[in-house]
Amino acid sequence: MFVLRGVGDALAAAGSMGWEILWPLVLGFTLSGIIQAIVRTDQITKLMRDDSPRAISVATGLGALSSSCSYAAVALARALFRKGASLSAAMAFEVASTNLVVELGLILAFVMGWQFTVAEFVGGPIMIILIALGFRLWMRGRILDAAREQADKGLAGSMEGHAAMDMSVPGDQGFWRRLFSKPGLTSVSQYFVMDWASVLRDIIIGLLIAGAFDAWVPKAWLQAVFFEGHPTLAFIIDPIIGPVLAMVSFVCSVGNVPLAAVLWNGGISFGGVVSFIFADLIIIPIIVIYRKYYGWKAALRITGIFYGAMVLAGYAVELLFTPLGLIPTNRHLSIVATSISWNYTTWLNIVFLLIASFLLAVFIRSGSWSMLRMMKGAPDDGGHDHPAHEHSHA
């Protein structure tokens with residue numbers, strides 16, 4: 001009976017968290033779909049052929065516009081590397097496309113507070129600079145040659161088909177004209193549905209893990225692990241612990257935000273929770289994909305450089321935010337509602353569920369359903385024709 005009650009409490013907490021974050025997720029993926037549909041990013045590798053500040057900046061900007069789930073971002077980075085981009089620029093694109101995107105910023109703001117959104121967009125570029133420096137020092141010579149040779153084998157990882165598709169709307173018409181044209185609405189619906197399909201598993205797993213933590217792990221335990229009440233120790237240790245927790249949670253993309261909120265309520269430092277959120281690209285399944293894409297030696301160095309950059313970015317954000325008074329003091333985020341009531345969350349969920357239903361209807365009526373079966377296609381598959389417009393490799 002005790003076990004069943006515990007499972008019920010965890011599921012109830014997970015469901016409540018899901019209800020609380022539903023409308024920000026729909027809004028974020030809608031805005032992301034609009035950006036990806038209208039802003040074309042093809043022929044970008046010629047701007048990313050070295051690890052110069054210009055190339056890294058271009059890769060970061062285009063990555064932020066090319067919102068992807070973590071698995072698709074990793075696949076797309078390998079595709080860019082194979083097409084001539086430097087590995088540093090490809091990794092900057094990968095980090096930006098998962099950590100500097102509109103949907104993550106929105107969900108952080110509405111679940112945890114605007115300070116965490118600002119921290120994400122301040123710490124993300126810091127992390128990318130550190131990764132670029134790390135790659136310049138430790139990813140060169142023979143190990144880089146071996147990584148390119150392994151990448152050129154084209155071994156499949158995950159979400160290869162999704163990464164290979166470009167559904168943006170061609171043409172020189174204005175933004176609004178392209179957006180509200182039939183191809184424009186179709187493209188937005190395709191990005192919206194496919195982005196949801198690619199991250200839904202991670203969102204569900206993240207909610208279940210966060211619900212279990214909230215229901216089963218006493219807050220006093222978390223406070224002891226994170227050295228709450230010992231600010232100096234927490235500042236030093238928590239950013240080191242944060243990415244490790246992310247690695248073993250197997251949750252990536254926006255799916256780790258509910259667990260980040262639970263950890264924040266449990267006492268993790270500001271820098272620690274920031275480094276945890278950044279660590280979606282070094283979860284264990286993705287490390288295995290790095291091994292398949294680039295070989296074990298390169299995969300271990302990629303993981304090590306990423307981990308070090310995430311820890312240092314966590315330190316940097318806390319050091320920057322502390323004197324500015326930007327670190328939140330609220331350790332009681334309302335991530336679990338006791339019941340569903342007719343408040344603003346419920347009304348916004350209804351509105352955005354209607355928007356989601358409209359985009360899903362456009363997706364189905366346009367004959368795009370078969371694209372979901374192509375999302376895990378081989379990395380060397382050609383472009384896929386579609387009634388609205390063509391899909392091509394990024």
Side-chain angles (χ1 to χ4, degrees), residues 51-53 55-57 59-60 63-64 70 73-74 77 86-101 104-105 108 112 115-140 225-227 230-249 252 256-257 260 263-264 267-284 286-287 290 298-324 326-328:
D51 57 359
S52 66
I56 299 300
S57 299
T60 300
S70 300
V74 171
S86 71
L87 189 57
S88 298
M91 291 300 167
F93 184 96
E94 175 182 311
V95 172
S97 67
T98 59
N99 285 292
L100 296 177
V101 292
L104 179 59
L108 281 171
M112 301 184 69
Q115 297 95 330
F116 292 92
T117 300
V118 176
E120 184 74 9
F121 286 96
V122 170
I126 294 173
M127 182 171 65
I128 289 171
I129 292 171
L130 293 171
I131 289 172
L133 292 173
F135 274 61
R136 178 172 286 190
L137 291 173
W138 295 300
M139 286 292 291
R140 57 185 183 177
V225 170
F226 298 134
F227 294 96
H230 304 278
T232 302
L233 281 175
F235 169 78
I236 295 171
I237 295 175
D238 289 3
I240 297 173
I241 297 174
V244 175
L245 292 174
M247 289 171 68
V248 299
S249 72
C252 59
N256 63 6
V257 174
L263 297 179
W264 176 252
I268 193 171
S269 71
F270 191 70
V273 77
V274 168
S275 68
F276 170 84
I277 294 168
F278 283 148
D280 62 316
L281 291 171
I282 57 170
I283 63 171
I284 291 175
I286 286 181
I287 294 174
Y290 288 146
L300 291 175
R301 293 203 185 191
I302 291 170
T303 304
I305 292 170
F306 273 34
Y307 176 80
M310 291 160 184
V311 172
L312 293 175
Y315 289 144
V317 168
E318 185 155 354
L319 286 172
L320 287 171
F321 279 44
T322 298
L324 296 174
L326 293 179
I327 295 181

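Two residues are said to be in side-chain contact when any heavy atoms from C-beta on lie closer than 4.5 Å; Leu104 and Leu108 meet this criterion. Phe135 has its side chain out of reach of Asp51: every pair of non-hydrogen atoms, C-beta onward, lies at least 4.5 Å apart. Counting heavy atoms from C-beta on, the side chains of Ile126 and Leu130 come closer than 4.5 Å. Between Met310 and Phe306 the shortest side-chain heavy-atom distance falls below 4.5 Å. With a 4.5 Å cut-off on side-chain heavy atoms, Ile236 and Phe227 do not count as touching. Considering only heavy atoms from C-beta on, Gln115 stays 4.5 Å or farther from Ile327 through its side chain. A 4.5 Å side-chain heavy-atom check between Leu312 and Met127 finds every atom pair outside the cut-off. Side-chain atoms of Pro243 and Val311, non-hydrogen and from C-beta on, do get closer than 4.5 Å to each other.
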Would you please test Phe121 and Leu100 for side-chain contact (heavy atoms from CB on, under 4.5 Å) and show each step?
CA-CA 6 Å; Phe121 286 96; Leu100 296 177; 3.8 Å; yes
Kindly determine whether Glu120 and Phe278 satisfy side-chain contact (heavy atoms from CB on, under 4.5 Å), including the steps that lead there.
CA-CA 8 Å; Glu120 184 74 9; Phe278 283 148; 3.4 Å; yes
What's the verdict on side-chain contact (heavy atoms from CB on, under 4.5 Å) for Leu281 and Asn99, showing C-alpha distance, side-chain angles and the deciding distance?
CA-CA 9 Å; Leu281 291 171; Asn99 285 292; 4.2 Å; yes
Apply side-chain contact (heavy atoms from CB on, under 4.5 Å) to Ile283 and Ile287, showing your working.
CA-CA 6 Å; Ile283 63 171; Ile287 294 174; over 6 Å; no
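The minimum heavy-atom distance between Ile131 and Ala309, with the atom names listed, is CG1-CB, 3.6 Å. Nearest heavy-atom pair, Gly105 versus Thr117, reported as atom, atom and distance to 0.1 Å: O-OG1, 2.7 Å. Scanning both residues, Ala313 and Gly123, for their nearest heavy atoms gives CB-O, 4.0 Å. Closest non-hydrogen pair, Thr60 versus Ala92, comes out as OG1-CB, 4.0 Å. When all heavy atoms of Ser275 and Gly242 are compared, the pair lying nearest together is OG-CA, 3.9 Å.
Not a single donor-acceptor pair under 3.5 Å links the side chain of Ser97 to the backbone N or O of Gly63. Between the Arg301 side chain and the Trp138 main chain, a donor and an acceptor come within less than 3.5 Å of each other. Of the possible donor and acceptor atoms, none in the side chain of Tyr290 sits under 3.5 Å from a partner among the backbone N and O of Thr303. Using modelled atom types, one side-chain atom of Asp238 and one backbone atom of Ser269 make a donor-acceptor pair closer than 3.5 Å.
Note that the CG atom of Leu245 and the CD1 atom of Ile240 stand 12.5 Å from one another [nearest 0.5 Å]. Note: Ile286 CD1 to Ile284 CD1 = 11.5 Å, rounded to the nearest 0.5 Å. How far CD1 of Ile277 is from OG1 of Thr98: 12.0 Å, rounded to the nearest 0.5 Å. Atoms CE and OG, from Met139 and Ser86 in turn, are 11.0 Å apart once rounded to the nearest 0.5 Å. Rounded to the nearest 0.5 Å, atoms CD1 (Ile241) and CD1 (Ile268) are 7.0 Å apart. Here the CZ atom belonging to Phe270 is positioned 7.5 Å from the CG atom belonging to Leu326, to the nearest 0.5 angstrom.
For Tyr315 and Phe235, the ring centers are positioned less than 6.0 Å apart.
Side-chain contact check for Asp280 and Ser70: at least one donor-acceptor pair (N or O, by modelled atom type) lies under 3.5 Å.
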